[in-house]
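Worksheet for the structure shown next.
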Number of protein chains: 2
Amino acid sequence: MSRVADPRTRISLLRAAEEIFAKKGLEAAKVEDIAKVAGVSKGAFYLHFETKEEAFLHVVEAFLARCSTLLAQPCGDDLPTRLEDLMELGLEHDIQLFEFFWQNRAILSILNTCNGPYAYLMGSFRKDLQENVKRGVEFFVERGAYRKDLEPNLVATLLMGAYSELATAMLSSEKKPPLRDWLLAARRIFSLGLASDRSPWERQDVSHVSLPDIPDALPSEPAERPRRAARAGRARTAR
Amino acid sequence: MSRVADPRTRISLLRAAEEIFAKKGLEAAKVEDIAKVAGVSKGAFYLHFETKEEAFLHVVEAFLARCSTLLAQPCGDDLPTRLEDLMELGLEHDIQLFEFFWQNRAILSILNTCNGPYAYLMGSFRKDLQENVKRGVEFFVERGAYRKDLEPNLVATLLMGAYSELATAMLSSEKKPPLRDWLLAARRIFSLGLASDRSPWERQDVSHVSLPDIPDALPSEPAERPRRAARAGRARTAR
DNA sequence: CCTATAACTGACCCGCCGGTCAGAAACATG
DNA sequence: CATGTTTCTGACCGGCGGGTCAGTTATAGG
């Protein structure tokens with residue numbers, strides 16, 4: 001007995017939420033819009049989510065969870081011993097990660113819109129990353145590949161910033177950039193910058209790498225006037 | 001004749017706007033709160049600004065304008081010729097910039113809260129920076145200090161990301177960090193990473209540099225429940 | 001002190017949007 | 001097909017907060 005829920009409803013709601021939240025941010029996103037994009041009524045939305053915030057958290061937290069598993073560096077004992085192989089492995093890991101980011105770029109761009117009470121989402125994400133990168137740096141320092149005098153937290157901050165900026169550049173790009181080239185070039189620069197004397201990383205040509213001329217490709221819509229209708233006149237006086 | 005406007009009113013309104021916008025973001029900030037913090041009525045606010053958005057733009061754009069002038073690199077002809085001096089000058093410039101950021105950290109943190117139709121603010125800021133950094137890189141490449149095979153846009157992206165992450169770490173710190181140490185360490189790493197063979201930058205100890213253990217010092221208030229009162233029960237059913 | 005003018009106040013207005021609920025529609029089962 | 005059960009609809013509610021304006025207060029000038 002009883003009617004069975006259309007399994008596509010929930011999924012299209014999540015999809016739509018992803019899209020609208022990414023475009024407008026949490027506050028400015030309207031539940032009606034989400035429902036409309038999903039092709040159902042507002043009532044249906046509230047059958048699947050208690051509040052707008054719950055839907056938001058559902059989308060974001062699910063993404064963060066998937067990120068966490070991906071971020072877990074392969075730090076077991078089956079690591080190659082040769083430095084070159086280690087670097088190669090790291091590069092592949094980077095590429096895989098960025099590939100994932102590209103696939104989920106809509107959700108990723110939501111993270112930037114988390115303000116005020118939801119800043120902790122972005123915060124935990126960063127912390128996760130930072131901790132991870134820091135461990136990687138320490139690993140290489142211990143092995144003597146990176147200089148001993150480096151402050152792992154500082155280096156991790158720089159690395160994280162550089163890579164997250166790369167990710168941002170990717171987000172604002174229409175078509176998928178040459179991730180391998182980008183990440184290889186980045187790794188080269190940091191390898192040379194962090195290497196200890198006895199690390200034999202040679203310089204190589206990466207001139208074929210292309211980056212959007214300037215990442216001005218921000219898909220900024222023509223600034224649709226927000227919320228309420230604009231006022232008629234100017235401020236009354238008082239300068 | 002006529003009453004003269006209390007000159008402190010406008011200023012305290014701007015101050016208050018800065019504070020509230022930084023704390024809540026544009027959407028969640030309430031005009032009443034701004035007025036209350038400024039110690040005037042809501043009506044007074046609307047004597048000085050046409051809309052909430054206008055006040056927001058006023059605060060942000062004024063800051064961006066000041067940034068622009070600071071960002072203009074000293075690329076005249078009175079530049080020193082020795083590479084070491086050039087680096088020293090660049091470092092001083094970095095320090096000055098970060099000092100400015102520290103002084104204006106409240107406004108700076110507003111930029112992150114610009115979403116949707118106001119994303120272009122952050123966008124133009126980044127573009128400005130990127131363009132600037134890129135020119136710097138090209139300058140060093142031309143002089144033979146950096147490798148010729150580097151893609152200036154890619155390098156600029158990495159640099160910008162690294163430094164803006166540093167700035168973020170600074171923002172989430174209670175007391176002013178040792179900017180000179182941070183920036184010196186960063187410059188060392190990138191110098192080594194970008195240098196051409198014939199650049200003679202020696203490695204130096206920077207182990208005394210300290211960075212907050214992990215920048216978890218995000219001043220995230222205990223997640224004050226946003227906007228409307230929460231609902232009582234759970235979502236009705238539908239799984 | 002009187003008057004004109006502009007700054008300032010705060011109670012009020014009103015549209016938007018998060019959330020609700022009575023009823024319609026869909027489906028399973030007998 | 002009748003019946004019970006659950007999904008789904010969409011008109012509706014309520015309150016929050018941006019914006020207004022009639023009235024009050026401060027000041028300058030006469």
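Remember, predicted model here, so these are calculated numbers, not experimental data. Convention: sequence-line order gives letters A, B, ...; per-chain numbering from 1.
- The distance from atom CD of A:Glu54 to atom C1' of C:dG19 is 14 Å, rounded to the nearest whole Å.
- For A:Asp94 (side chain) and A:Leu183 (main-chain N/O), no donor-acceptor pair under 3.5 Å exists by modelled atom type.
- Atom CD1 of B:Ile34 and atom P of D:dG17 are 13 Å apart (whole Å).
- Nucleic acid contact class of A:Ala29 (heavy atoms, under 4.0 Å, all strands): sugar-phosphate only.
- One can place NZ of A:Lys36 at 14 Å from P of D:dT9, the figure rounded to the nearest angstrom.
- In this structure, the CD atom of B:Glu50 is 14 Å from the P atom of D:dC21, given to the nearest Å.
- Side-chain proximity of A:His48 to the nucleotides D:dC8, C:dC17, D:dT27 is greatest for D:dC8.
- Both B:Lys30 and A:Thr9 lie near DNA chain D, and the one whose nearest nucleotide falls closer to the 5' end is A:Thr9.
- The side chain of A:Tyr46 has C:dG18 as its nearest neighbour among C:dG18, C:dA26, D:dG19.
- Ring centroid separation for the pair A:Phe100 and A:Phe63 comes in under the 6.0 Å cut-off.
- At whole-Å resolution of the value, CD in A:Glu32 and P in C:dG18 are 8 Å apart.
- Picking from D:dG19, D:dC12, C:dA7 the nucleotide with the shortest atom distance to the side chain of A:Lys42 gives D:dC12.
- B:Glu53 has its CD atom 15 Å from the P atom of D:dG17, to the nearest Å.
- Residue-to-nucleotide proximity on DNA chain D shows that, of A:Ser41 and B:Leu26, the 5′-proximal contact is made by A:Ser41.
- For the pair B:Leu47 CG and C:dT5 P, the interatomic distance rounds to 18 Å; values are reported in whole Å.
- Side chain of B:Arg105 to main chain of B:Trp102: a donor-acceptor pair is present (N/O by atom type, distance under 3.5 Å, no hydrogens or angles).
- Residues passing the side-chain contact (heavy atoms from CB on, under 4.5 Å) test with A:Ala29 are A:Ile20, A:Phe21, A:Lys24, sequence neighbours excluded.
- The listed nucleotides are C:dC27, D:dG19, C:dG19; the one nearest the side chain of A:Lys52 is C:dG19.
- Here A:Leu121 pairs with A:Phe56, A:Leu57, A:Val60, A:Glu61, A:Leu64, A:Cys114, A:Tyr118 under the side-chain contact (heavy atoms from CB on, under 4.5 Å) rule; sequence neighbours left out.
- When the nearest nucleotides of DNA chain C are assigned to A:Phe45 and B:Asp6 by heavy-atom distance, the more 5′-ward of the two goes with B:Asp6.
- Relative to the side chain of B:Ala44, the nucleotides C:dG19, D:dC8, C:dC8 differ in distance, and C:dC8 lies closest.
- C:dG18 atom P lies 15 Å from atom CZ of A:Phe49, rounded to whole Å.
- Contact of A:Arg3 with D:dT6 (side chain to base): no donor-acceptor pair of N or O atoms is detected under 3.5 Å.
- When each of D:dT6, D:dT9, D:dG18 is scored by its nearest atom to the side-chain atoms of B:Val31, the top-ranked nucleotide is D:dG18.
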